[in-house]
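Read through the structure below, which is laid out as structure tokens, and then see the notes.
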Amino acid sequence: MSKLRIMSVFGTRPEAIKMAPLVKELASRDGIESLCCVTAQHRQMLDSVLDVFALKPDWDLDIMTPRQTLSTITSKCLLGMDEAINVLKPDMILVHGDTSTTFAGALSAFYHQVPVGHVEAGLRTYDKYSPFPEEMNRKLVSAIAELHFCPTESNRENLIREGIDKGLFVTGNTVIDALKTTVRSDYAFSTELLNRLDYQRKKVCLVTCHRRENYGEPMKNIMLALRQIAEENRDVELVYPVHLSPVVRDAADQYLRGAPRVHLIDPLPADEMHNLMARCYLVLTDSGGLQEEAPALGKPVLVLRRETERPEAVAAGTVALAGVVQDDIVTMATRLLQDRNAYQKMARAVNPYGDGNACGRIADAILWHFGLGERPADYRT
């Protein structure tokens, strides 16, 4: 019998980090031919992850253009995917999460009547404009997918409430699998600043801020809060790998450039980001993925957003919503920086996102779907 051709499609740095271990897990299975198609929605940041995980795409759409819009990303993905599917002839297409690549990849698969597996399925805020466009992307993909790989039980329950009750698997999050391969105690950074920082005597805080819904006044408030935190806490060093978006870079330059103990650096490769996270004291972020990664490393997270589609971490106590109001962010960060008990309560909370075996469960589920194995047991915390 010929091998199943399973094609993983992704285009951004966060997707690549979470899909790379799955691509490799699928390749290790005797009954599967693992194919990789990238859209390069984020060219430079995607390539750095491919290098870290030694992945060579079977198909590269290379769609990125300066100041691209959601419409250009989606339309280029759709057109490019036509040829990729016709040539590679996959038996199933896997997409991840909630990006424009995710939606376009799933829609193209549907047009070609190729079944879709949705990795990181079932996340919801129930506000279609926040996060934008991610909330709508993942809901649309849920309507298309046949297999739904949910990181947590509450993600599965979200889909059941929407009337989706077939092909549901609770797997844990594949990012925990990725961390197992990237974090090392003897890691040496290529960025000399990161090697020089005193992680023992200083409170090094990792910062990211880039989401579209934070553009404008919310981003200004966040940046001003970060500056105030640095100015008022002499034992704090803020490290901010600044996203390549011109909007984000302009805001960082305007509000943070020249602030004491604030280090604005270029985006980091996945392995450097993971190892910086492992050594830092606290994470302040509007990212989705860092809300899962940091708790696995025992690092408290303040979310710089009004809501999160990852309420499990809030319930577990590893993550807290700081919002986008300057005073609120400063107050919550200051408490964690100055109150050791509050800090330890968050740092020692149990991570709800997995045991590092999500990719194995997903591979088993795919084989089961095609009648080639047993159904895997769901992940339980």
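If you're wondering where the values come from, they're calculated on a predicted model, not measured in any experiment.
No path of Ile, Leu, Val, Met, Phe, Trp and Tyr side chains, each step under 4.5 Å between heavy atoms, connects I362 with L35, placing them in separate hydrophobic clusters. A continuous path of ILVMFWY side-chain contacts below 4.5 Å connects M219 to L238, so both sit in one hydrophobic cluster. Using a 4.5 Å cut-off between side-chain heavy atoms of Ile, Leu, Val, Met, Phe, Trp and Tyr, with links allowed through other members, F53 and M7 fall into different hydrophobic clusters. Under the 4.5 Å side-chain contact rule for hydrophobic residues, I6 and L372 share a cluster. By the criterion of side-chain heavy atoms lying less than 4.5 angstrom apart, applied directly or through intervening Ile, Leu, Val, Met, Phe, Trp or Tyr residues, L4 is grouped together with F169 in one hydrophobic cluster.
Put simply, the side chain of L50 reaches to within 4.5 Å of the side chain of P57, judged on heavy atoms. You'll find the side chain of E120 reaches within 4.5 Å of the side chain of N173, heavy atoms only. Looking at K89 and V114, their side chains never come closer than 4.5 Å, going by heavy atoms from C-beta outward. Residues N158 and L123 are not in side-chain contact: their nearest non-hydrogen atoms beyond the backbone lie 4.5 Å or more apart. Using a 4.5 Å heavy-atom threshold, the side chains of Y129 and R212 count as separate. Counting heavy atoms from C-beta on, the side chains of L140 and M136 come closer than 4.5 Å. The side-chain heavy atoms of P241 and M273, taken from C-beta on, include a pair separated by under 4.5 Å. The shortest side-chain heavy-atom distance between L26 and S8 falls under the 4.5 Å cut-off.
Counting heavy atoms of neighbouring residues, nucleotides and ligands inside a 6.0 Å radius, atom NZ of K128 does not exceed 12 of them. Within 6.0 Å of the CZ atom in R348, the count of heavy atoms belonging to other residues, nucleotides or ligands does not exceed 12. Around the CZ atom of R249, the shell of radius 6.0 Å holds more than 12 heavy atoms that belong to other residues, nucleotides or ligands. The number of heavy-atom neighbours closer than 6.0 Å to CD of Q344, taken from other residues, nucleotides and ligands shown, is above 12. More than 12 heavy atoms of other residues, nucleotides or ligands shown are found within 6.0 angstrom of CD on E231. More than 12 non-hydrogen atoms from other residues, nucleotides or ligands lie less than 6.0 angstrom from OH of Y187. Counting non-hydrogen atoms of other residues, nucleotides and ligands closer than 6.0 Å to CZ of R306 gives a total of 12 or fewer. Counting non-hydrogen atoms of neighbouring residues, nucleotides and ligands closer than 6.0 angstrom, the CD atom of Q113 reaches no more than 12 such neighbours.
A distance-only check finds a donor-acceptor pair linking the side chain of K299 to the backbone of C280 [under 3.5 Å]. With N275 contributing its side chain and T182 its backbone, the two residues share a donor-acceptor pair below 3.5 Å. With E135 contributing its side chain and Y126 its backbone, the two residues share a donor-acceptor pair below 3.5 Å. Of the possible polar contacts, one joining the Q291 side chain to the S287 backbone as a donor-acceptor pair under 3.5 Å is found. Counting only distance, with no hydrogens or angles, the side chain of R138 and the backbone of D98 share no donor-acceptor pair below 3.5 Å. In terms of modelled atom types and a separation under 3.5 Å, the side chain of N214 and the main chain of L304 share a donor-acceptor contact. For S108 (side chain) and A104 (main-chain N/O), no donor-acceptor pair under 3.5 Å exists by modelled atom type. In terms of modelled atom types and a separation under 3.5 Å, the side chain of T125 and the main chain of S130 share a donor-acceptor contact. Although no hydrogens or angles enter the test, the distance criterion places a donor-acceptor pair under 3.5 Å between the side chain of H118 and the main chain of G97. Between the side chain of T174 and the main chain of M19, no donor-acceptor pair closer than 3.5 Å is present.
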Stepwise side-chain contact (heavy atoms from CB on, under 4.5 Å) check, L159 with S142: CA-CA 8 Å; L159 294 175; S142 293; 3.6 Å; yes
N233/Q338 under side chain to side chain donor-acceptor pair (under 3.5 Å): CA gap, chis, key distance, verdict: CA-CA 9 Å; N233 297 273; Q338 298 181 1; 3.2 Å; yes
I32/L367 under side-chain contact (heavy atoms from CB on, under 4.5 Å): CA gap, chis, key distance, verdict: CA-CA 8 Å; I32 294 176; L367 289 169; 3.9 Å; yes
Salt bridge (Lys or Arg N to Asp or Glu O under 4.0 Å) assessment of E162 paired with R124: CA-CA 11 Å; E162 295 173 11; R124 296 291 187 270; 2.7 Å; yes
Audit row: V38, L61, side-chain contact (heavy atoms from CB on, under 4.5 Å) steps and yes/no: CA-CA 6 Å; V38 299; L61 303 187; over 6 Å; no
Step-by-step side chain to side chain donor-acceptor pair (under 3.5 Å) determination, T72 to T69: CA-CA 5 Å; T72 58; T69 68; 3.3 Å; yes
Check against side-chain contact (heavy atoms from CB on, under 4.5 Å), L197 and F189: CA-CA 11 Å; L197 287 174; F189 296 97; over 6 Å; no
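Between R305 and E309 a salt bridge is recorded (basic side-chain N to carboxylate O distance below 4.0 Å). Salt-bridge annotation for E134 and R211: present, with a side-chain N of the basic residue lying under 4.0 Å from a carboxylate O of the acidic one. With respect to R196 and E192, no salt bridge is recorded, no charged nitrogen being found less than 4.0 Å from a carboxylate O. Using a 4.0 Å cut-off between charged side-chain N and carboxylate O, K202 and D198 make no salt bridge. Ion pair R310/E292 flagged as a salt bridge, since at least one NZ, NE, NH1 or NH2 atom sits closer than 4.0 Å to an Asp/Glu carboxylate oxygen. No salt bridge links D355 with R380; every basic N to acidic carboxylate O contact stays at or beyond 4.0 Å. The existence of a salt bridge linking R43 and D47 is confirmed by a sub-4.0 Å separation between a basic side-chain nitrogen and an acidic carboxylate oxygen. Salt-bridge check for K203 with D235: passed, with a basic side-chain N closer than 4.0 Å to an acidic carboxylate O.
The CG atom of L282 lies 5.5 Å from the CG atom of L336; values are rounded to the nearest 0.5 Å. Distance NZ/K139 to CD1/I144: 14.0 Å, rounded to 0.5 Å. How far CZ of F149 is from CG of N155: 14.0 Å, rounded to the nearest 0.5 Å. Considering CG of L284 and CD1 of I222, their distance stands at 10.0 Å, rounded to 0.5 Å. Rounded to the nearest 0.5 Å, atoms CG (L55) and SG (C36) are 5.5 Å apart.
Side chains of T12 and E15: a donor-acceptor N/O pair is present below 3.5 angstrom, by distance only. Side-chain atoms of T331 and T334 include no donor-acceptor pair closer than 3.5 Å. S245 and Y215 share a side-chain donor-acceptor pair at under 3.5 Å.
Each of V319, L302, V301 was evaluated against V283; a single residue qualifies, V301, per the side chain to side chain contact (heavy atoms under 4.5 Å, CB included) test.
For residues 300-335, there are no ring-ring contact (aromatic ring centres under 6.0 Å, His included) pairs, not counting sequence neighbours. Listed by first and then second residue, the side-chain hydrogen bond (donor to acceptor under 3.5 Å, both in side chains) pairs that reach into residues 369-379 come to none, sequence neighbours excluded.
The distance between the ring centers of Y199 and Y281 does not fall below 6.0 angstrom.
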